[in-house]
Number of protein chains: 2
Amino acid sequence: MKTADAVLDPLADEDGGFDVYAKDCPARMVLNRLADKWALLIVKLLKGGPLRFNQLRREIEGVSQKALSQTLRRLERDGLVDRRVFATVPVTVEYSLTELGRTLAEAFEPLADWAHSHIREVLAAQSRYDAVSEAA
Amino acid sequence: MKTADAVLDPLADEDGGFDVYAKDCPARMVLNRLADKWALLIVKLLKGGPLRFNQLRREIEGVSQKALSQTLRRLERDGLVDRRVFATVPVTVEYSLTELGRTLAEAFEPLADWAHSHIREVLAAQSRYDAVSEAA
DNA sequence: CGGAATCCTGTATGATACTG
DNA sequence: CAGTATCATACAGGATTCCG
């Protein structure tokens, strides 16, 4: 395709930003990455400090080792998570947030809070909706 | 208080919240819904006022009519978006944010801002990562 | 215009097994 | 412990067609 710069420049707008609604906008790629089923959950967990692979796996109920592995690699690639290997006898791998990751974790917090505090309203809305469409 | 939801109670923790890391936690369902590729994009768009179906479709480059339709229905079901039909000659359908939806839009803003202002860092991290792994 | 129904395919995901 | 590799599949998602 194009080079990285060629992609960026035409999309940059006056305020130095990007159009999230443009197809190939990097910001949308970022958003899509964050839309990952586990990514934000992991980031939020790591806010509490470094964790090892299987610790994460135990904490996040329902994640497969494959999904966890993939998500961690993507997060590492995006510079959000740091991966450190310790040459202990059974090898130990520790994941932690980078500086960038920490800023993300903070930006995510309002959304997490929102989910937390509006679950009941959402569930109620769903029931209402289902009741109506079921009636038809 | 313990009536309707057998699902909710066992998951409620001391502070009256939910454990996002539990498999069947409603909060996680909410989060997963938000993790939808288009949901947040739509919510953000509707902050600017009501829009019709094809307006949304045009604004969000790359969304298929099916994906848009499905996402809108889900958002409506969750009580985040309001759908109003006008009996004009070619029927007009208008989508707008509900009160609940507006609170979500606000909670989302920090994350959108984050994506906006950290794209370059993420892209840089990706390049670095790819350069290294490619070297192997 | 705003969608629902159908078909069809890529990919994401999960279970299983193997390695360092 | 911390993964990768393989396979098998379910399902989201796109393209197309048709309808109120």
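In what follows, chains are A, B, ... by sequence order, proteins preceding strands, each numbered from 1.
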Enquirer: Report which part of the nucleic acid A/Val91 touches: base, sugar-phosphate, or nothing (heavy-atom distance under 4.0 Å, all strands).
Expert: base

Enquirer: With a 4.0 Å heavy-atom cut-off, tell me which residues in residues 51-73 of chain B come close to DNA chain C, sorted by residue number.
Expert: B/Arg52, B/Phe53, B/Asn54, B/Gln65, B/Lys66, B/Ser69, B/Arg73

Enquirer: At their closest point, which heavy atom of A/Ser64 faces which heavy atom of A/Arg57, and how far apart are they?
Expert: C-NE, 4.4 Å

Enquirer: Quick check for you: among C/dG20, C/dG2, D/dG3, whose closest atom lies nearest to any side-chain atom of A/Arg83?
Expert: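 For the A/Arg83 side chain, the nearest candidate turns out to be D/dG3.
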
Enquirer: Between B/Tyr21 (side chain only) and A/Leu45 (backbone N and O only), is there a donor and an acceptor less than 3.5 Å apart?
Expert: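 Side chain of B/Tyr21 to backbone of A/Leu45, a donor-acceptor pair under 3.5 Å: yes, one is there.
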
Enquirer: Considering all heavy atoms of both residues, which atom of B/Val81 and which atom of B/Tyr95 are nearest to each other, and what is their separation?
Expert: CG1-CD2, 3.8 Å

Enquirer: Whole-Å distance between C/dG2 C1' and B/Glu76 CD?
Expert: 13 Å

Enquirer: Starting at atom NZ of B/Lys37, determine the distance to atom C1' of C/dA12, rounded to an integer number of angstrom.
Expert: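 Taking atom C1' of C/dA12 as the reference, NZ of B/Lys37 is at 12 Å.
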
Enquirer: How close or far is atom P of C/dG3 from atom CZ of B/Arg84, stated in whole angstroms?
Expert: 14 Å

Enquirer: Rounding to an integer number of Å, can you tell me how far A/Phe86 CZ sits from D/dC1 C1'?
Expert: 14 Å

Enquirer: Give the cluster check for A/Leu72 versus A/Phe86: same hydrophobic cluster or not, with ILVMFWY residues linked at side-chain heavy-atom distances below 4.5 Å.
Expert: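 No, A/Leu72 does not connect to A/Phe86 through the hydrophobic network.
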
Enquirer: Please check if the number of heavy atoms outside B/Glu106 that lie under 6.0 Å from its CD is greater than 12.
Expert: no

Enquirer: Of B/Arg52, B/Arg84, B/Arg83, which meets side-chain contact (heavy atoms from CB on, under 4.5 Å) against B/Val93?
Expert: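 The option that passes is B/Arg83.
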
Enquirer: To the nearest Å, how far apart are A/Asp36 CG and C/dA12 C1'?
Expert: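 These atoms are roughly 11 Å apart.
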
Enquirer: Under 4.0 Å from OP1 or OP2 of C/dG3: is there any side-chain N or O of B/Tyr95 that close?
Expert: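 Yes, such a contact exists.
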
